[in-house]
Amino acid sequence: MKSILVTGASGFIGGAIARTLVDQGYRVIAQYRREQPPENLLSIERRGADLIRADLSSEPPDMLFSTDIDVIIHAAAYVKMTGQFTDFQKINSLATG
């Protein structure tokens with residue numbers, strides 16, 4: 001069975017992707033950054049997903065690659081109206097290596 005890491009799984013798009021993959025029988029590792037996982041992630045955890053709290057802005061992203069992962073779906077994003085290019089690049093592009 002494929003192991004799929006979904007970054008940004010606590011968000012709208014990442015959450016929908018993670019739920020769909022769990023429903024289709026994949027082993028899902030759902031990444032979130034909040035202090036506590038939100039209810040939508042607890043719901044898919046009860047259905048078999050693994051949750052991993054990781055800050056994608058750390059270098060390298062903490063605990064992100066500590067498990068056996070076959071596929072990464074990068075749905076996390078650093079979204080602001082203004083900011084340093086390197087901040088956007090670090091999370092939106094480089095975080096999943």
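Each residue takes its place number in the sequence, starting with 1.
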Under the side-chain hydrogen bond (donor to acceptor under 3.5 Å, both in side chains) test, residues paired with T20 that sit two or more places apart:
none

Nearest non-hydrogen partners of I44 and A18, listed with the distance
CD1-CB, 3.7 Å

The salt bridge (Lys or Arg N to Asp or Glu O under 4.0 Å) partners of D50 (sequence neighbours excluded) come to R27

If you look only at pairs with a residue in residues 4-26, which of them pass as a salt bridge (charged side-chain N to carboxylate O under 4.0 Å, His left out), with sequence neighbours excluded?
D23-R47

Let me know which of T7, L5, I4, L51 forms a side chain to side chain contact (heavy atoms under 4.5 Å, CB included) with I29.
L5

Heavy-atom nearest pair, L41 first then S10, reads CD1-CB, 3.9 Å

Between Q31 and I52, is there a donor-acceptor pair closer than 3.5 Å when you use the side chain of the first and the backbone of the second?
no

Please give me the minimum heavy-atom distance between A9 and N40, naming the atom from each residue.
O-ND2, 3.6 Å

side-chain hydrogen bond (donor to acceptor under 3.5 Å, both in side chains) with Q24: which residues, sequence neighbours excluded?
none

Residues pairing under salt bridge (charged side-chain N to carboxylate O under 4.0 Å, His left out) where one sits in residues 28-38, two or more places apart or in two chains, turn out to be E35-R53

In one Ile/Leu/Val/Met/Phe/Trp/Tyr side-chain cluster, 4.5 Å: Y26, V71:
yes

Those residues that, when tested against I13, pass side chain to side chain contact (heavy atoms under 4.5 Å, CB included) (two or more places apart):
I17

